[in-house]
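What follows is a set of notes on a single structure, which appears directly below.
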Amino acid sequence: MNIQKYLSVAPEIAEAIQAGKPVVALESTILSHGMPYPENWEFSHKVEEIIRGEGAIPATTAIIGGKLKVGLSAEELELMCKDPTVGKVSRRDVAVYLATGKTGATTVATTMMLAEMAGIKVFATGGIGGVHRGAETTFDISADLQELANTGVAVVCAGAKSLLDIPKTLEYLETMGVPVLGMGTDDFPAFYCRKSGCKVDANVPDAATAAKILRTKWDLGLKGGFVIANPIPAEYELDFNEMEGVINKALEAAKAEGIHGKDTTPFLLAHIKDYTKGVSLASNLQLAYNNARTAARIAIEYSKL
Ligand code: PSU
Ligand code: MN
C-alpha cells in the first residue's frame, strides 16, 4: 500500500488531526451534483464557517489533479461548484480518476474513504444514499451502505430522502451491523421531513453521548461507521404528502427517460428542486447547516475522549 503517494491533506487539517483536534469532513458531490450554482458556492463557504464557528475544522474532500484532496482552497471549491465536467466519484471510480487526473466530486462513500485515510472520524452531509425503490428488480443500492458497513466514520445526515426505499435501507444497515442513531429522535428522518415512519436504533440525547458511543464501538475494534440521523429543524420542514407527490413525479420522469445507474440520484434531486420551485433547496441548505453544527459538536466531544 502507498496511500501517501495520493493523499493531499491541507496543512491546517493535517496539524489538527495530528494534535487530536476536532475535524469534520464534508463531501463535494452535494456541491457538484446536488445543488445548483451559485447556491452551492455560497453553501460551500457557509457550511465551513459554521463548523469553524463551533470550534472545529472543516475538511471538504474531492479528487483533483491525481490527488485525494482533504481540505479545498477557495479556487478548488469554486471548481467543484461551477465546472459541469466534474464527475461523481464512488468507490469503484477512485482509481480511474486518480490515475487519469480527472476531477471528481466525492459521494458519501468516497468522502468516508478519504476521511478514514486522513484520520477524520466525523463527517457531515445532507442525506445518505440507500436502497432505491424498485431495487428488487434494478439492484440499485448505493455504495454508501457498503461503505458504512466497512469504513470507520460517523456520517451526520438528515436521514434519507423518501425517493429511496427507507425501510429497505434500514434493513440493509441492520444486516451490515451499522448503528443508526437518532439525535433527539426515535424516528428516522426523511430529509425534508422530521419523520419517515421508521425507527432509529437508539435515540441519543446529545453530542457527548453520541461521541461516547462512537468511542465504544471503535474501542472494541468493530468495523464500520455510523449513521447519525439529525432531523431538519421544524421551521424548515416540508409537508410529507406534498413531497411524496413531488418525488413520485420525479421517479416517473426518470423512468420515462430511462435514467439509471449513477445518474439516478442527481436526476431525481434536480427534478425535485425544479418541481418545488426552489423551496426544497432552501430546506436542503438549512438541514445541511444543521448537520454541520451537530457534527462539529460531536467531533469536539469525541476529541475529549
Ligand atoms: N442524497 C441527497 N443529496 C445528495 C446525494 C444523495 O439527498 O447530494 C449524493 C451523495 O453524495 C450520496 C450520493 O453519497 O448522492 C449517492 O448516490 P448513489 O445513489 O448513486 O449512490
Ligand atoms: Mn445506484
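All ligand and atom numbering here is 1-based and tracks the order in the structure. These numbers come from the heavy atoms of this one structure, side chains and all, not from hydrogens, waters or symmetry mates.
In terms of protein heavy-atom proximity, atom 1 (N) of ligand 1 is nearest to Gly127 O, 3.7 Å. Looking from atom 2 (C) of ligand 1 to the surrounding protein, the closest heavy atom is Lys161 NZ, 3.2 Å. At the shortest separation from atom 11 (O) of ligand 1 among protein heavy atoms lies Glu27 OE1, 2.6 Å. Counting only heavy atoms of the protein, atom 21 (O) of ligand 1 lies nearest to Ser142 OG, 2.7 Å. Distance from atom 9 (C) of ligand 1 to its nearest protein heavy atom, with residue and atom name: Thr29 CG2, 4.0 Å. For atom 17 (O) of ligand 1, the nearest protein heavy atom (residue, atom name, distance) is Lys88 NZ, 3.1 Å. Protein heavy atom nearest atom 12 (C) of ligand 1, with residue, atom name and distance: Asp144 OD2, 3.4 Å.
Note on ring orientation: taking the six-membered ring where Trp is involved, the planes of His45 and Trp41 are tilted (angle from 30° to 60°).
The pair Glu301-Lys304 meets the salt-bridge criterion, with a side-chain N (NZ, NE, NH1 or NH2) lying under 4.0 Å from an Asp/Glu carboxylate O. Using a cutoff of 4.0 Å between basic side-chain nitrogens and carboxylate oxygens, Glu244 and Arg133 are scored as salt-bridged.
Nearest to the Mn ion (ligand 2), among the N, O or S atoms that Asp140 has, is OD1.
The shortest side-chain heavy-atom distance between Tyr172 and Gln146 falls under the 4.5 Å cut-off. Side-chain contact between Phe191 and Met243: absent, with no pair of heavy atoms (C-beta onward) separated by less than 4.5 Å. When side chains are defined from C-beta on, Ile232 does not count as touching Leu238, because their heavy atoms never get closer than 4.5 Å. Side-chain contact check for Leu269 versus Lys161: some heavy-atom pair is nearer than 4.5 Å.
Residue contacts with ligand 1: Ala109 is placed with no nitrogen or oxygen under 3.5 Å of a nitrogen or oxygen of the ligand (distance criterion only).
Taking the ring axis of Phe240 as reference, the NZ or CZ atom of Lys195 does not stay both within 45° of it and closer than 6.0 Å to the ring centre.
With ligand atoms numbered from 1 in the order given, ligand 1 contributes 19 (O) to contacts under 4.0 Å with heavy atoms of His132. For ligand 1, the atoms sitting less than 4.0 Å from at least one non-hydrogen atom of Phe191 are 7 (O), numbered in the order shown with element in parentheses.
The residue from Leu164, Asn284, Thr265 that puts a heavy atom closest to atom 5 (C) of ligand 1 is Thr265. Scanning Leu268, Ile30, Thr110, Leu269 for the heavy atom closest to atom 4 (C) of ligand 1 points to Leu269.
Counting heavy atoms closer than 4.0 Å to ligand 1, residue His33 contributes nothing at all.
For the side-chain hydrogen bond (donor to acceptor under 3.5 Å, both in side chains) test with Tyr302, the passing option among Lys121, Lys212, Arg215 is Arg215; the others fail.
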